[in-house]
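Numbers here simply count residues along the sequence, with the first being 1. Since we're looking at a predicted model, the values are computed, not measured.
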Amino acid sequence: MTDSAQLPWPPGASTGIGSMPGEDPCATLRLVLDECPDLPFLPELPARGPGSGLVGRGAALLAGLAVDLQPSGWRLVDRPGRDLRRARELLSRDLDVLEEVAGDYTGPLKVQAAGPWTLAATVELNRGDKALADPGATRDLGESLAEGLRLHVADLRRRVPGATVLLQLDEPALPVVLLGRVPTASGFGALPAAEERMAEAVVAHVIASAGAIGVVHCCARGVPIGLLQRAGARAISLDTSFVSPADDDAFGEAVEAGVGLLLGLVPTAGRPSSGKSLSDPEATVAPVRSLWRRLGFAPDTLPGTVVVTPACGLAGATPAYARAALASCRAAAHVLAQDPEGPGGSRG
């Protein structure tokens, strides 16, 4: 097993997925710095409008391609319009706030962006179907995103020189892309499945081009762990409620290769908590302890490999719940650092 000390976060770290409630980037960033001191992240605030959501922010990061908001969603267009200008203005404001509030921060810092396959499955072509329907358009989106993220990471390093940048690609659509379940524009059919080799190559190109430590997040069922590992992801982020023993081999291979895990252990607002309380860190970390026992890894490797996160983004939560959820992640991560084996850990 590769030494987890090579991962960029300290043992017992916690973080958020990215999205948060509210519209105040300064107050939200200060909250993140307070509650996630070992691995803070640049918060996304979708409540400010479409330009702040997953796809709108992804559009703002594209280089050489223009996207505009239509009644049916974001669509590739010939020239930038006000929607794209608004998305880029919001991103620029968030980066200004980051520089002002955390410009002297030193340590790992996570930022998020829509991944190439989620963009291809969401952004429309001029004729109305998804970009995924056109291999050339899919390729162009990937190239544009790769270049845009390269520039974005360089800008982040200029603004926060002491940061070790982690770039999280959000790929909630990747499993359905691989299964051929993305609906056509008519809704009566589905677009062809992407070849796994091509999907891997596109993700690998985006990660390599960005020049940051690559993390891939997917909060859907069927996360292709092996594909993401081969694509160069240094960490994989997922919702543990979708994890089963059938995934053990893929997890084991990834961890053996030195891949970190950002595990969603704390429920987001409106989701069942399976009887867990946000104030019960022992119950929160039980699934990851169980996973480690099944995999047969030494307990002391767990705190440095696993980062505790909410199950997904917190944009739909109340501000109070979002704070409590991040605090719960921090408390659970502390428990893992202090006692990775837990009660009954010696019993198989």
Please test Ser237 against Val216 for side chain to side chain contact (heavy atoms under 4.5 Å, CB included), starting from the C-alpha separation and ending with a verdict. CA-CA 6 Å; Ser237 169; Val216 181; over 6 Å; no

What distance separates Leu262 CG from Asp239 CG, expressed to the nearest 0.5 Å? 12.5 Å

From SG (Cys218) to CD (Glu171), nearest 0.5 Å: 7.5 Å

Ignoring hydrogens and angles, state whether a donor on the side chain of Glu44 or Ser19 is under 3.5 Å from an acceptor on the partner side chain. no

Taking the basic N atoms (NZ, or NE/NH1/NH2) and the acidic carboxylate oxygens, is any pair closer than 4.0 Å for Arg230 and Glu200? yes

Considering all heavy atoms, the nearest Gly148-Ala63 contact: N-CB, 3.8 Å

Given 3.5 Å as the limit, does a donor-acceptor pair link the side chain of Asp248 with the main chain of Leu295, or not? no

Should Leu61 and Leu69 be regarded as members of a common hydrophobic cluster, given that ILVMFWY residues are connected when their side-chain heavy atoms come within less than 4.5 Å of each other, either directly or indirectly? yes

Rounded to the nearest 0.5 Å, what's the gap from NE2 on His217 to CG on Asp170? Could you check? 5.5 Å

Could you walk me through whether Leu62 and Val67 pass side chain to side chain contact (heavy atoms under 4.5 Å, CB included), step by step? CA-CA 9 Å; Leu62 293 174; Val67 179; 3.7 Å; yes

Any Lys/Arg nitrogen of Asp83 or Arg86 sitting under 4.0 Å from an Asp/Glu carboxylate oxygen of the other? no

N/O donor-acceptor pair under 3.5 Å between Trp9 side chain and Pro108 backbone: no

List the steps, then state whether side chain to side chain contact (heavy atoms under 4.5 Å, CB included) holds for Phe41 with Val111. CA-CA 6 Å; Phe41 60 98; Val111 296; over 6 Å; no

With hydrophobic residues grouped by side-chain heavy-atom distances under 4.5 Å, do Ile17 and Val165 end up in a single group? no

Give a yes or no on whether a salt bridge exists between Glu282 and Arg289, defined as a side-chain N under 4.0 angstrom from a carboxylate O. yes

Within a reach of under 6.0 Å around CZ of Arg158, are more than 12 heavy atoms found that belong to other residues, nucleotides or ligands? yes

Between Arg139 and Asp134, does any side-chain N to carboxylate O distance fall below 4.0 Å? no

Side-chain heavy atoms of Val215 within contact of Arg234, under 4.5 Å: no

Is it true that Asp68 and Arg75 have a side-chain N and a carboxylate O under 4.0 angstrom from each other? no

Would you say Leu169 ends up clustered with Leu151 if hydrophobic residues are merged whenever their side chains have heavy atoms under 4.5 Å apart, either directly or through other cluster members? no

How far does CZ of Arg93 sit from CG of Leu98, to the nearest 0.5 angstrom? 13.5 Å

Under the criterion side chain to side chain contact (heavy atoms under 4.5 Å, CB included), which of Val223, Ile225, Leu238 is the partner of Val243? Leu238

Please answer: with hydrophobic residues joined when any side-chain heavy atoms are less than 4.5 Å apart, are Leu174 and Met198 in the same cluster? yes

For Val335 and Pro281, work out which heavy atoms get closest and say how close. CG2-CB, 3.7 Å

Residues Ala194 and Leu178: closest non-hydrogen pair is O-CD2, 3.9 Å

Under-4.0 Å salt bridge between Asp34 and Arg30: no

Can any side-chain N or O of Thr184 pair as donor or acceptor with the backbone N or O of Leu191 at less than 3.5 Å? no

How far apart are the closest heavy atoms of Ala60 and Leu91, and which atoms are they? CB-CD2, 4.3 Å

State whether the side chain of Thr309 and the backbone N or O of Gly16 hold a donor-acceptor pair below 3.5 Å, judged by distance alone. no

What's the spacing between Asp280 CG and Thr284 OG1 if we round to 0.5 Å? 6.0 Å

Of the non-hydrogen atoms in Ala190 and Gly180, which two are nearest, and what is the gap between them? CB-O, 3.3 Å

Any side-chain heavy atom of Arg294 within less than 4.5 Å of one from Ser290? yes

Whether Asp94 and Arg57 form a salt bridge (side-chain N of Lys/Arg under 4.0 Å from carboxylate O of Asp/Glu) is what I want to check. yes

Just checking His205: does its NE2 atom have more than 12 heavy atoms from other residues, nucleotides or ligands closer to it than 6.0 angstrom? yes

Derivation of the side chain to side chain contact (heavy atoms under 4.5 Å, CB included) call for Phe251 and Ile236: CA-CA 10 Å; Phe251 271 115; Ile236 297 172; over 6 Å; no

Is Val255 reachable from Leu302 through a run of hydrophobic residues whose side-chain heavy atoms are each under 4.5 Å from the next? yes

Just checking Arg181: does its CZ atom have more than 12 heavy atoms from other residues, nucleotides or ligands closer to it than 6.0 angstrom? no

Any non-hydrogen side-chain atom of Leu95 less than 4.5 Å from a side-chain atom of Leu42? yes

Value rounded to 0.5 Å, distance of CG in Leu54 from OG1 in Thr122: 7.0 Å

Search all heavy atoms of Leu84 against all heavy atoms of Ala59 and return the closest pair with its distance. CD1-O, 3.5 Å

Do Ser72 and Glu124 meet the criterion of a side-chain donor-acceptor pair at a distance under 3.5 Å? yes

Side-chain donor-acceptor pair under 3.5 Å between Trp292 and Thr305, yes or no? no

